[in-house]
Amino acid sequence: MGQVTVRVGGYSHPVSCEDGQEAHLVALAGEVDKRVNSIKAMGGQFGESRLLLLASLLLADEVHDLKVAVAQARSGQPVAEQVEDPRLAERIARIAERIEGIAQNLDRA
């Protein structure tokens, strides 16, 4: 069993994986770290668990979009081309605000 230490959001995390998967795991952690850093760049004070929650929700949203595109491609439907959204930061900020609101409601429950 392999073991690597990945850094996400400035924190180090030892993680076990199958032998030979170390580089892949480091790359995956890098993707999570990118999302965490983009959320941090928007401002606001978030704890580590909240940052990881928001980053995982952003990644889940991307996975969903990819699944929809794959399903469309398999069914023969034309897949809409991704166009760089000049308001991407605004969109991410709105999504983060909605996620934050959901998280606050969960905290109250």
Side-chain angles (χ1 to χ4, degrees):
M1 176 115 335
Q3 176 109 11
V4 295
T5 300
V6 297
R7 288 192 55 84
V8 175
Y11 295 94
S12 295
H13 303 274
V15 182
S16 298
C17 61
E18 292 181 15
D19 288 333
Q21 294 297 313
E22 295 86 356
H24 181 63
L25 185 57
V26 169
L28 292 173
E31 289 296 318
V32 174
D33 191 50
K34 279 188 216 176
R35 295 345 178 267
V36 166
N37 289 331
S38 70
I39 294 165
K40 282 182 176 181
M42 288 183 235
Q45 299 297 320
F46 301 108
E48 181 184 17
S49 62
R50 183 62 50 88
L51 280 171
L52 293 175
L53 169 67
L54 296 173
S56 63
L57 290 170
L58 287 173
L59 286 166
D61 184 50
E62 290 178 28
V63 168
H64 170 77
D65 290 348
L66 290 171
K67 285 182 178 182
V68 168
V70 167
Q72 288 175 339
R74 285 184 176 156
S75 69
Q77 297 175 13
V79 178
E81 289 189 32
Q82 292 288 345
V83 177
E84 189 63 33
D85 184 357
R87 297 167 303 201
L88 183 59
E90 291 175 17
R91 185 173 170 220
I92 290 173
R94 286 193 311 273
I95 291 169
E97 286 174 15
R98 287 193 307 236
I99 293 168
E100 180 65 22
I102 291 168
Q104 287 175 356
N105 289 335
L106 290 173
D107 287 343
R108 290 183 203 134

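Numbering of residues begins at 1 and proceeds along the displayed sequence. When reading the values below, keep in mind they use all heavy atoms of this one structure, side chains included, and skip hydrogens, waters and symmetry mates.
- Under the side chain to side chain donor-acceptor pair (under 3.5 Å) criterion, Asp61 pairs with no residue, sequence neighbours left out.
- Under the side chain to side chain donor-acceptor pair (under 3.5 Å) criterion, Glu62 pairs with Arg35, not counting sequence neighbours.
- Counting all heavy atoms, side chain and backbone alike, Ala55 lies closest to Val36 at CB-CG2, 3.7 Å.
- Nearest heavy-atom pair, Leu25 versus Ser16, reported as atom, atom and distance to 0.1 Å: CD2-O, 4.3 Å.
- By the 4.5 Å heavy-atom criterion applied to side chains, Leu28 and Val32 are not counted as neighbours.
- We find the SG-CE distance between Cys17 and Met1 to be 7.5 Å, quoted to the nearest 0.5 Å.
- With sequence neighbours left out, the side chain to side chain donor-acceptor pair (under 3.5 Å) criterion links His13 to Glu48.
- Within the structure, no pair that satisfies the salt bridge (charged side-chain N to carboxylate O under 4.0 Å, His left out) test touches residues 3-20, not counting sequence neighbours.
- Ser12 approaches Thr5 most closely through the heavy-atom pair CB-CG2, 3.8 Å.
- If you take CG on Leu59 and CG on Leu54, they are separated by 11.0 Å, rounding to the nearest 0.5 Å.
- For Glu22, there are no side chain to side chain donor-acceptor pair (under 3.5 Å) partners at least two apart in sequence or on another chain.
- A donor-acceptor distance shorter than 3.5 angstrom exists from the side chain of Asn37 to the backbone of Asp33, with no hydrogens or angles considered.
- Hydrophobic cluster membership differs between Leu58 and Val68, with clusters built from Ile, Leu, Val, Met, Phe, Trp and Tyr side chains linked at under 4.5 angstrom.
- The cluster map of Ile, Leu, Val, Met, Phe, Trp and Tyr, joined by side-chain heavy atoms under 4.5 Å apart, puts Met42 and Leu57 in the same cluster.
- Considering only residues two or more places apart in sequence or on other chains, Ser49 meets the side-chain contact (heavy atoms from CB on, under 4.5 Å) condition with none of them.
- A search for salt bridge (charged side-chain N to carboxylate O under 4.0 Å, His left out) contacts involving Lys40 returns nothing, not counting sequence neighbours.
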